**Q** 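After the structure tokens below, expect a handful of questions from me.
Residue numbers start at 1 and run along the sequence shown. Note that this is a predicted model, so its numbers are computed, not measured.
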Amino acid sequence: MRENGGMSTDDPTRTQDPDAVERALRAGLEEFELSDEDRSLLDLDGGPDAEEAQAAAVPVVAVVGRPNVGKSTLVNRVLGRREAVVEDVPGVTRDRVAYDGEWAGRRFTLVDTGGWEVDATGIHLRVAEQAEIAVDLADAVLFVVDATVGATDDDEAVVKLLRRSGKPVVLVANKVDDQRTEADAAALWNLGLGQPWPVSALHGRGSGDVLDALLEVLPDVSQVAAYRPGGPRRVALLGRPNVGKSSMLNKLTGDERVVVDDVAGTTRDPVDEIVELAGRTWRFVDTAGIRRRVHQTRGADFYASLRTQTALEKAEVAVVLVDASDVLAEQDVRVVQQVIDAGRALVIAYNKWDLTDEERRHFLEREIERDLVQVTWAPRVNVSARTGRHLERLVPALDTALESWDSRIPTGRLNAFLGQVVAAHPHPVRGGKQPRILFATQAGTRPPRFVLFASGFIEAGYRRFVERRLREEFGFAGTPIEISVRVREKRRARR
């Protein structure tokens with residue numbers, strides 16, 4: 001082992017057991033500058049999956065409203081620290097951002113969103129989309145209104161959205177800084193959402209009352225979590241329009257549960273169905289076909305794609321259907337990438353196999369090698385939704401993907417393996433320096449997430465090499481892998 005504790009070709013710990021390797025590398029890490037977050041991550045050291053399942057069951061609260069009403073300020077007030085970015089211009093927050101919150105001993109996840117506008121276009125349309133997804137994935141909603149302005153047309157539109165969602169809503173009348181402006185808050189009774197709670201998110205006035213009201217409607221355990229212990233595994237059926245998703249769901253249920261037609265786009269809303277397959281209960285969700293470009297869609301197609309994204313985020317594993325009788329399309333690749341980006345387990349089902357001949361199968365293999373080379377790890381099933389052929393093969397493929405999605409590698413074994421990999425194939429020298437992997441730990445599962453502590457920047461190509469070797473050694477069939485790198489410098493000697 002080198003003096004700095006990094007993995008090297010002359011590392012004597014390679015001949016010892018994995019636990020010895022881990023202890024040696026941990027000792028070497030003490031010579032490097034580590035943050036409190038680093039130490040927390042190392043202390044976790046692959047904690048029990050039960051903790052992650054418990055975290056997944058924490059109820060979710062979405063904070064929504066039109067731009068610049070003080071949503072992020074309220075989030076910071078609830079958290080008790082300045083986490084969300086706040087600026088006195090509309091549109092600062094764009095994506096959904098989740099934070100861990102607590103009040104009166106109850107834990108919950110707080111999701112800050114961008115401003116919701118009725119006639120949004122361009123990037124503002126994407127912001128509104130993220131806000132709508134946040135509502136769908138929440139157990140309760142904090143609806144923030146600027147009491148000094150009163151209810152606007154945009155506020156009224158948000159009210160309609162919230163009523164359609166059926167989620168419990170706590171109405172927050174923000175910017176009520178003193179008793180003189182409490183009458184402005186009272187005017188918001190007209191929204192029909194019940195009592196408006198006067199709050200000054202900036203100064204903290206009334207925030208405790210709002211949180212008390214929130215806890216009254218918030219369930220103890222999340223009802224929207226993607227994975228709840230003991231419940232049926234959630235499977236999303238995805239694919240471009242007219243690849244046979246609805247036909248597959250009908251065949252699995254043994255009933256004409258979903259309308260099937262040759263016209264693409266027949267399915268608009270996700271359809272949930274409990275399915276008995278191989279003696280076990282599954283929850284399958286049929287979704288609308290994902291079209292060429294979501295940002296170019298309007299009207300019903302736009303909302304269909306929005307609900308498809310929501311269904312994917314609620315699922316644990318996605319079955320992406322591909323029309324085997326037709327040439328692989330750009331949309332097929334995009335759907336697969338969407339599943340990977342969402343961090344869900346993946347099975348690829350090549351449907352309409354009964355319509356393919358030997359020549360088509362030959363060309364299909366070439367197309368797969370060319371267009372899906374990045375997902376060779378995904379289990380593949382050749383099926384026919386129309387005839388039901390080989391649908392039973394879905395179960396072992398789903399089991400494989402979910403098992404990989406949940407898998408955890410012991411830290412000692414992980415570092416012993418990476419030590420051998422780095423010794424045989426060290427990182428290329430760049431700028432006269434050779435970055436070294438100092439230590440590795442698995443930060444989580446669903447999907448497996450690995451953190452590499454390194455002495456310098458690890459190039460993307462080398463990260464892909466590490467991922468490939470991890471898959472070769474540990475499997476991970478059917479799940480994406482997330483690898484992040486933390487570059488840490490050696491402590492400076494004190495004079």
**Q** Is Arg334 salt-bridged to Glu330, going by a charged N under 4.0 Å from an acidic O?
**A**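 Counted as a salt bridge, because a side-chain N and a carboxylate O are separated by less than 4.0 Å.
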**Q** Any donor and acceptor pair, going by atom type alone, linking the side chain of Ser404 with main-chain N or O of Ala477 inside 3.5 Å?
**A**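 It does hold such a pair.
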**Q** If you look only at pairs with a residue in residues 453-480, which of them pass as a ring-ring contact (aromatic ring centres under 6.0 Å, His included), with sequence neighbours excluded?
**A**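 Of all non-adjacent pairs touching residues 453-480, those that pass ring-ring contact (aromatic ring centres under 6.0 Å, His included) are Phe417-Phe474, His425-Phe465, His427-Tyr462, Phe450-Phe476, Tyr462-Phe465.
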**Q** Taking Gln374 for the side chain and Gln337 for the main chain, is one N or O donor matched with an acceptor at less than 3.5 Å?
**A**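 Checked: no pair found.
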**Q** Salt bridge check, Arg471 against Glu467: does any charged N sit closer than 4.0 Å to a carboxylate O?
**A**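 The answer is yes: the pair qualifies as a salt bridge.
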**Q** Is it true that the side chains of Asp406 and Thr445 contain a donor and an acceptor less than 3.5 Å apart?
**A**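 The answer is no; no qualifying pair exists.
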**Q** My understanding is that only residues two or more places apart in sequence, or in another chain, count here; which of them pass side-chain hydrogen bond (donor to acceptor under 3.5 Å, both in side chains) with Arg430?
**A**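 Testing Arg430 for side-chain hydrogen bond (donor to acceptor under 3.5 Å, both in side chains), a comparison that skips the adjacent residues, returns Glu459.
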**Q** Under the 3.5 angstrom rule, does the side chain of Asn174 hit a backbone N or O of Ala201 as a donor-acceptor pair?
**A**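 Side chain of Asn174 to backbone of Ala201, a donor-acceptor pair under 3.5 Å: yes, one is there.
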**Q** Can Asp332 and Arg240 be counted as an ion pair, charged N to O under 4.0 angstrom?
**A**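 Counted as a salt bridge, because a side-chain N and a carboxylate O are separated by less than 4.0 Å.
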**Q** Sequence neighbours excluded, which residues qualify as side chain to side chain contact (heavy atoms under 4.5 Å, CB included) partners of Ala138?
**A**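 Expected list: Val60, Ala62.
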**Q** Give a yes or no on whether Glu365 atom CD has more than 12 heavy-atom contacts from other residues, nucleotides or ligands under 6.0 Å away.
**A**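 Yes.
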**Q** Stepwise, does the side-chain contact (heavy atoms from CB on, under 4.5 Å) test hold for Arg486 with Val451?
**A** CA-CA 7 Å; Arg486 298 191 177 194; Val451 176; 3.9 Å; yes
**Q** Would the distance check show the side chain of Glu316 and the main-chain N or O of Arg234 forming a donor-acceptor pair, the cut-off being under 3.5 Å?
**A**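 Yes.
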